[in-house]
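Bear in mind that the values here come from a model prediction, so they are computed numbers and not experimental data.
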Amino acid sequence: MKVRKLHDWDLDSSGARQLQYELASLIEVRALPSRISSVAGADVALEASTARAGAAIAVLSFPDLALRELVTAEGKVRFPYVPGLLTFREGPILIEALKKLSSRPDVILFDGQGIAHFRGMGIASHVGLFAGLPTVGCAKSPLLKPGREPGPKRGATSPIRREGHLVGVALRTRSNVRPVYVSPGHLADVSSSVRLVLDCCTRFRIPEPLRVAHRECGKALRRDKIS
DNA sequence: GCGACAG
DNA sequence: ATCTTGTCGC
């Protein structure tokens, strides 16, 4: 699929933060499409010793969640891990993988934050702008913390606010299991994102598209290392 | 100034 | 993120 190149990635940390403020004004918060037939999961695996990264995007049918397409990309990482700037480390390789997709999924799930971010520009939001597609962030731990813990039952939520506005939730995807942190990336809103993530979690805490992507990006990294 | 901080 | 087998618990 075609991806928009909104900017170059070779920035220092202060330039990266400034860019995030500018990009944040481009985010559109709205309900996800009412008819969804495909959901993609995107994730990246890193190898510290070689500074290499492997990315995978798995496209699953929805709501049946059967694998329909899988693409991967490998390359060198140029940016260090800095809380709030994850997108400059993992974004470029994810975008290379996105370009290999044969078609445009209805929505993409990311392993990280959307607008529940210091400057409203988590990786789901940032890559969503390049893709021009609806995206949702689903992280295993928070950047901005919810005020309280969600209830113990599947489906329970607790709001995450930034400057007084609702930007995401801690969501219990399985009863009595640690919550995940869901926030809209681009062309999505909180309630429809929560609904989608729950619909993608049939048996495990992590939504199925992300589980497949997580497994496959590790494989891609190993294959690249050997050959 | 201090603490917190996705992967 | 990643280094890593068995083991404790439901």
For A:I160 and A:S183: C-alpha separation, side-chain torsions, deciding distance, then whether side chain to side chain contact (heavy atoms under 4.5 Å, CB included) applies. CA-CA 9 Å; A:I160 295 174; A:S183 59; over 6 Å; no
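Proximity of A:D106 to A:P134: side-chain heavy atoms (C-beta onward) are nowhere separated by under 4.5 Å. Residues A:P63 and A:D199 fail the side-chain proximity criterion, which asks for heavy atoms closer than 4.5 Å. In this structure the side chain of A:E90 never reaches within 4.5 angstrom of the side chain of A:V127, judged on heavy atoms. Put simply, the side chain of A:R162 does not reach to within 4.5 Å of the side chain of A:I115, judged on heavy atoms. Within the 4.5 Å cutoff, no side-chain heavy atoms of A:I206 are placed close to those of A:H214.
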Nucleotide-level pairing of DNA chain B, given in dot-bracket where Watson-Crick and G-U pairs need both distances under 3.5 Å and | marks other strands: .......
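Nucleic acid contact class of A:A45 (heavy atoms, under 4.0 Å, all strands): sugar-phosphate only.
The hydrophobic cluster containing A:L6 also contains A:I108, counting ILVMFWY residues as joined when their side-chain heavy atoms lie under 4.5 angstrom apart, directly or transitively. A:L171 and A:F204 are assigned to two separate hydrophobic clusters, defined by single-linkage of ILVMFWY side chains at heavy-atom distances under 4.5 Å. A:L98 is connected to A:V71 through a chain of hydrophobic side-chain contacts under 4.5 Å among Ile, Leu, Val, Met, Phe, Trp and Tyr, so both are in one cluster.
The aromatic rings of A:F88 and A:W9 stand perpendicular to each other, their planes meeting at an angle above 60°, with 30° marking the opposite boundary. Using cut-offs of 30° and 60° on the angle between ring planes, the pair A:H7 and A:F130 is perpendicular.
In the region residues 165-191 of chain A, proximity to DNA chain B at under 4.0 angstrom, judged on heavy atoms, holds for none of the residues.
Among residues two or more places apart in sequence or in another chain, the salt bridge (charged side-chain N to carboxylate O under 4.0 Å, His left out) test is passed with A:R205 by none.
Among A:V44, A:T87, A:V3, the one residue that satisfies the side chain to side chain contact (heavy atoms under 4.5 Å, CB included) test with A:L94 is A:V44.
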Each nucleotide of nucleotides 2-7 of chain B classed B (base within 4.0 Å of a protein heavy atom), S (only sugar-phosphate) or -, in 5' to 3' order, makes --SBBB
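DNA chain C contains no stems of three or more consecutive Watson-Crick or G-U pairs with both distances under 3.5 Å.
Counting non-hydrogen atoms of neighbouring residues, nucleotides and ligands closer than 6.0 angstrom, the CZ atom of A:R148 exceeds 12 such neighbours. Surrounding CZ of A:R104 are more than 12 heavy atoms belonging to other residues, nucleotides or ligands, all under 6.0 Å away.
For DNA chain C, the contact window with chain A, defined by any atom under 4.0 Å from a protein heavy atom, covers C:dA1 to C:dT2 in 5' to 3' order.
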